[in-house]
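Lettering follows sequence order; numbering is per chain, from 1. Please read all numbers here as calculations on a predicted model, not as lab measurements.
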2 protein chains.
Amino acid sequence: MSLSARSTSEQLPSAHDRVYRTLRTRIMHGEIAPGEALTLRGIGREFDVSMTPAREAVRRLVAEGALFLSSSGRVSTPELSNERIEELAALRALLEVELSSRALPRAHMALIDRLQTINATVAEMVSKRDAVGYIRTNLEFHRTLYLRAQAPAMLAMAETVWLQLGPTMRALYGRLRRTEPPHNHKLIIAALKAGDEPGLRLAVRSDVTQGLKLLVA
Amino acid sequence: MSLSARSTSEQLPSAHDRVYRTLRTRIMHGEIAPGEALTLRGIGREFDVSMTPAREAVRRLVAEGALFLSSSGRVSTPELSNERIEELAALRALLEVELSSRALPRAHMALIDRLQTINATVAEMVSKRDAVGYIRTNLEFHRTLYLRAQAPAMLAMAETVWLQLGPTMRALYGRLRRTEPPHNHKLIIAALKAGDEPGLRLAVRSDVTQGLKLLVA
DNA sequence: GAGCGCCTTTTGTGATCACAAGAGGGCATG
DNA sequence: CATGCCCTCTTGTGATCACAAAAGGCGCTC
């Protein structure tokens, strides 16, 4: 509680960064419901820091669209309108189709193997009805593929979209009761194996837009 | 200097927001050179606020990629690598082609007139060799068109890319010595008039990528 | 004359405080 | 019993302070 109570002499990653990263992960993985309120003092209490780092972390998340700031300054996770959800889905399609396209020529067998492993975990999460686990491993599947695109700015932008959709995705996957493993992921892997770019683009676009179309309907 | 020295009883837009908006505009319009350093106390002094709002504004701009944060916490405008510039140009192409495409069916004569007026100002800035004025009016041209797309999230993302390219654009347009008015803008207007979507997409893509290709070369 | 180390100053980080505004509940009144 | 008002407590904002680290300059030494 004192000023320099930090005993870990390791690479202290600056308090606000720790708070930021933890909250960001929580939001992206859908661990917070849409419209849920957060308070600076509450965050400070949870992470054992003062309001200052909590404020910086919240500001940053607001800037990324992960949190909503009311006119009176209260912060909460956003409740997205259908228009906004459709737009974010279109952005996912735009960005992720391009990323997958760029990753294709660099996708070797080791990557495809890793994707298949991750995909097995995705299927497991689906069968367990673990919404957060599903979202987390699903995003890991996509990120693993897109990392091969060697396009960090584009990947960062895609992750920002994921972040904005986080709470909504949780609401979506909690609502729709699927137990079948993701079909589009298999199409993506097959297209990667075949070096089939049009097929890959189509599969990614379908995978990215399918779930959100259901939510809007 | 005192606590509540705010005499303007208007809609006080919260100090950090005023600082944020001013700095953001400056950066986007290329008024700050790449690599230029900023200090929290310096910002506070300029805007007559304490470090707290200055910090929040800077944090927000860092989150948007408009400012670079060194490992020791010093902030400066980013000096972009060629790879990053190419990536951001690709993002501009991706997002703005889509935005223009969505704006096309809603583009009526009043909009085209406005674009032509703005374009005349762009040409004037070019002939005056006013780099900042050129960047500002050029972005106004694009924003005016994209506003018609009714896609706020997508437009916000495009503006984030502009923001990241701000200081670099200034360096670019200061370096290349053109005096001819923008040809691609005329192609964009012509395609809008003709309702020619493929032509519009091509013209926007060319306009967005041409300048940055020169910088990289 | 050149290189190196120490010291001062600048700067970012985080904590704490004073203040204003808004929200929510409890109590009194009709 | 319902409704409205007031009070209190919570919450965000901005200022200020203490501290640590990094940077830059200056002088000393070889």
Open item on the list: Taking atom CZ as the centre, does Arg26(B) end up with more than 12 heavy-atom neighbours from other residues, nucleotides or ligands that are less than 6.0 angstrom away?
Closed with: yes
TODO: Check Ala66(A) against Pro78(A) and note the closest heavy-atom contact, atom names and distance.
DONE: O-CD, 3.3 Å
- [ ] Just compare dT16(C), dT16(D), dG12(D) and give me whichever is closest to any side-chain atom of Thr52(B).
- [x] dT16(D)
Open item on the list: Just verifying a value: how many Å separate Met154(A) CE and Tyr146(A) OH, rounded to the nearest 0.5 Å?
Closed with: 12.5 Å
Open item on the list: Can you measure Tyr20(B) atom OH to dT13(D) atom C1' for me and round it to whole angstrom units?
Closed with: 19 Å
TODO: Take atom CD of Glu56(B) and atom P of dT13(C), then tell me their distance rounded to the nearest Å.
DONE: 13 Å
- [ ] Figure out the CG/P separation between Leu40(B) and dC19(D), and round it to whole Å.
- [x] 20 Å
Open item on the list: Whole angstroms only, please: what is the CZ-P distance between Arg59(A) and dG12(D)?
Closed with: 10 Å
Task: Rounded to 10 degrees, the angle between the two terminal axes of the helix from dG1(C)-dC30(D) to dG30(C)-dC1(D), each from five pairs - done: 0°
Open item on the list: Please check: side-chain N/O of Thr77(B) versus main-chain N/O of Gly35(B), any donor-acceptor pairing under 3.5 Å?
Closed with: yes
Open item on the list: Below 30° counts as parallel, above 60° as perpendicular, anything between as tilted: where do the rings of His185(B) and Phe141(B) land?
Closed with: parallel
TODO: Return the value, rounded to whole Å, for the distance between atom CZ of Arg74(A) and atom P of dT10(D).
DONE: 12 Å
- [ ] Check if the side chain of Arg55(A) and the base of dG14(D) share a donor-acceptor pair of N or O atoms closer than 3.5 Å.
- [x] yes
Task: Euclidean distance, atom CE of residue Met51(B) to atom C1' of dC19(D) [Å, nearest integer] - done: 12 Å
Task: Donor-acceptor pair present, Arg41(B) side chain and dG12(C) base, under 3.5 Å - done: yes
Open item on the list: Among dA15(D), dG22(C), dG12(C), which nucleotide has an atom closest to any side-chain atom of Ser72(A)?
Closed with: dG22(C)
TODO: Classify the nucleic acid contact of Leu69(A) as base, sugar-phosphate or nothing, counting any heavy atom under 4.0 Å across all strands shown.
DONE: nothing
Open item on the list: Can you measure His16(B) atom NE2 to dA15(D) atom P for me and round it to whole angstrom units?
Closed with: 12 Å
- [ ] Whole angstrom is fine here: how far is it from CZ in Arg45(A) over to C1' in dT10(D)?
- [x] 10 Å
Open item on the list: As a test of reading the structure: which of dA15(C), dA15(D), dG12(D) is closest to the side chain of Val49(B), going by heavy atoms?
Closed with: dA15(D)
Open item on the list: Quick check against the 3.5 Å criterion: does Glu87(B) have a side-chain atom that pairs as donor or acceptor with the backbone of Ala153(A)?
Closed with: yes
Task: Donor-acceptor contact present, side-chain Arg102(A) to main-chain Ala149(A), <3.5 Å - done: no
Open item on the list: Heavy atoms only, 4.0 Å cut-off, all strands: where does Leu38(B) land among base, sugar-phosphate and nothing?
Closed with: sugar-phosphate
Open item on the list: Any base atoms under 4.0 Å from Thr39(A), or only sugar-phosphate, or nothing? Heavy atoms, all strands.
Closed with: sugar-phosphate
